[in-house]
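The next block holds one structure in the form of structure tokens; read it before the comments.
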Amino acid sequence: TWLEGTISFPSTLTEIGHYAFECEEEGASQIEKIVFEAGEGESRSLHLKQAVFSGCSALTAIEFPENLTQLQVDRNNNNLVTAYSNCVNLKEVRIPGSLGKITNVMGFQGMEYVEKVIVEEGIGQIDRYSLPLTRLEEIELPSTLTEIADYLFENAANLEKVYPTGETPEAGVAVKLPEGIKSIGRSAFYKCTGLAGKVILPSTLTDIKYAAFGGDSGKVCPITEVIFRTGTEETRSLHLEGSVFSDCTALTTIEFPDNL
């Protein structure tokens, strides 16, 4: 008999071994939710080994503790994260701000069926290759984030909405970056063919690197309007590198800030 419903792990747990809850029989696993209890400590570490939840096809939610400061998810011999393989109903993940940053050691990129990512306040850095991009449709980014890293969302073809954590997406707005972001990296949104609509950029932004929103003849950038928010500062500088909006053939308007 397979485990069913919710599994809660105690705050004292620091490691789950290889294949601990793996289910090789398709559709047999009935685990729906996994909860890691926070406990009373200020910080907590967690190590998940290979294929711990692989094949848990009924799994819809994983709750990481709010005091999680270290997370390591192992890879197999092919350098792939298998902890969440074939978790076909795991569509959303919330990443706790207590981690401080998101790196590829944490294994979120292995959540191949996730469509929505909520990055909580407190995260100040998101590394390339650390997010699940295959089916990603929307992501919430916190005000504590200072840059969109080089190539962060490159080729995320299903991505349709990027907006500040806790806000409701606005109609017609594809990208609204939170105040606090200073830089958008090289090819950060390159070939994101699902980002159709308006792009609203924060008043804190000073630098947009090469081909940040670009496309090419085969994968056109569909944004229609770019707005640089003015903010409260008396003066402002802005640096745009080459091909920032290359092949954005639907782009009709760029609104620069009044204090530029």
Side-chain angles (χ1 to χ4, degrees), residues 1-37 43-65 68-96 98-120 123 125-137 139 149-159 187 191:
T1 302
W2 291 98
L3 295 172
E4 299 180 357
T6 298
I7 296 181
S8 293
F9 294 109
S11 61
T12 52
L13 181 75
T14 59
E15 183 175 288
I16 302 180
H18 300 293
Y19 316 111
F21 296 91
E22 181 188 33
C23 178
E24 294 183 346
E25 183 180 345
E26 185 176 353
S29 174
Q30 296 302 310
I31 299 173
E32 298 174 356
K33 185 177 182 180
I34 292 168
V35 178
F36 293 96
E37 300 290 347
S43 63
R44 178 165 174 206
S45 64
L46 186 60
H47 180 195
L48 306 180
K49 295 193 174 181
Q50 289 183 38
V52 288
F53 303 118
S54 179
C56 293
S57 57
L59 183 64
T60 61
I62 298 178
E63 288 187 9
F64 291 101
L68 185 64
T69 54
Q70 295 182 54
L71 175 62
Q72 178 182 337
V73 179
D74 287 356
R75 307 184 189 202
N76 65 11
N77 292 334
N78 295 318
N79 203 33
L80 299 174
V81 174
T82 58
Y84 316 105
S85 295
N86 297 315
C87 293
V88 297
N89 284 299
L90 185 60
K91 304 292 188 181
E92 180 175 318
V93 63
R94 180 180 292 270
I95 301 177
S98 55
L99 285 169
K101 61 182 178 180
I102 303 173
T103 71
N104 57 25
V105 172
M106 298 173 181
F108 294 111
Q109 71 274 23
M111 296 179 172
E112 57 186 330
Y113 291 92
V114 161
E115 297 173 356
K116 181 177 180 179
V117 173
I118 301 169
V119 183
E120 294 186 341
I123 298 293
Q125 174 184 324
I126 304 176
D127 290 352
R128 184 185 182 188
Y129 302 131
S130 65
L131 294 174
L133 299 183
T134 306
R135 294 173 176 82
L136 185 65
E137 296 178 1
I139 185 167
D150 292 350
Y151 309 102
L152 185 59
F153 298 107
E154 183 184 23
N155 286 314
N158 295 309
L159 185 62
S187 299
K191 298 183 182 179

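With sequence neighbours excluded, the residues satisfying side chain to side chain contact (heavy atoms under 4.5 Å, CB included) with I7 are L3, F9, F21, I31. Judged as a side chain to side chain contact (heavy atoms under 4.5 Å, CB included), and not counting sequence neighbours, the contacts of F108 are F64, L71, V93, I95, L99, I102, M106, M111, P132. Applying the salt bridge (charged side-chain N to carboxylate O under 4.0 Å, His left out) criterion to E120, with sequence neighbours excluded, gives R94. Residues that satisfy the side chain to side chain contact (heavy atoms under 4.5 Å, CB included) test with T6, not counting sequence neighbours, are S8, K33, V35. Contacts of E115 classified as salt bridge (charged side-chain N to carboxylate O under 4.0 Å, His left out), with partners at least two apart in sequence or in another chain: K91. When the ring-ring contact (aromatic ring centres under 6.0 Å, His included) test is applied to F153, the partners found at least two apart in sequence or on another chain are F189. Qualifying side chain to side chain contact (heavy atoms under 4.5 Å, CB included) partners for D150, counting only residues two or more places apart in sequence or in other chains: R186, K209. Evaluation of the side chain to side chain donor-acceptor pair (under 3.5 Å) rule for Q125 yields D127 as partners, not counting sequence neighbours.
Here the closest non-hydrogen pair linking A149 and I126 is CB-O, 3.4 Å. Contact detail for S57 and V88: the closest heavy-atom pair is O-CG2, 3.8 Å. The two residues S29 and A58 make their nearest non-hydrogen contact at O-CB, 3.6 Å. Here the shortest heavy-atom pairing between V73 and A83 reads CG1-CB, 3.7 Å. Taking both residues in full, the closest heavy atoms of G107 and V81 are given as O-CG1, 3.7 Å, listed atom of the first, atom of the second, then distance.
Side-chain atoms of E112 do not come within 3.5 Å of backbone N or O of T134 as any donor-acceptor pair. A donor-acceptor pair is defined here as one N or O able to donate and one able to accept, closer than 3.5 Å; no such pair exists between the side chain of N78 and the backbone of L80. Using modelled atom types, no side-chain atom of T69 and backbone atom of S98 make a donor-acceptor pair closer than 3.5 Å.
Between L159 atom CG and N155 atom CG the span is 11.5 Å, to the nearest 0.5 Å. Here the straight-line distance linking atom OG1 of T103 with atom CD of Q72 works out to 9.5 Å at 0.5 Å rounding. Expressed to the nearest 0.5 Å, how far CD of E63 lies from CG of L68 amounts to 13.0 Å.
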Would you sort out whether V117 and L136 count as a side-chain contact (heavy atoms from CB on, under 4.5 Å), showing the intermediate values?
CA-CA 8 Å; V117 173; L136 185 65; 3.7 Å; yes
Test side-chain contact (heavy atoms from CB on, under 4.5 Å) on L90 and Y113; report intermediate values, then the result.
CA-CA 6 Å; L90 185 60; Y113 291 92; 5.5 Å; no
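Considering only heavy atoms from C-beta on, I62 comes within 4.5 Å of Y84 through its side chain. Side-chain atoms of R128 and Y151, non-hydrogen and from C-beta on, do get closer than 4.5 Å to each other.
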Listing, residues 43-56 side-chain donor-acceptor contacts under 3.5 Å, not counting sequence neighbours, or none:
{"unit_1": "R44", "atom_1": "NE", "unit_2": "S11", "atom_2": "O", "d": "3.4"}
{"unit_1": "R44", "atom_1": "NE", "unit_2": "L13", "atom_2": "O", "d": "3.4"}
{"unit_1": "R44", "atom_1": "NH1", "unit_2": "E37", "atom_2": "O", "d": "2.3"}
{"unit_1": "R44", "atom_1": "NH2", "unit_2": "P10", "atom_2": "O", "d": "3.3"}
{"unit_1": "R44", "atom_1": "NH2", "unit_2": "L13", "atom_2": "O", "d": "2.9"}
{"unit_1": "H47", "atom_1": "ND1", "unit_2": "E15", "atom_2": "OE1", "d": "3.2"}
{"unit_1": "H47", "atom_1": "NE2", "unit_2": "D74", "atom_2": "OD1", "d": "2.8"}
{"unit_1": "H47", "atom_1": "NE2", "unit_2": "D74", "atom_2": "OD2", "d": "3.2"}
{"unit_1": "K49", "atom_1": "NZ", "unit_2": "E15", "atom_2": "OE2", "d": "3.4"}
{"unit_1": "Q50", "atom_1": "NE2", "unit_2": "R75", "atom_2": "O", "d": "3.2"}

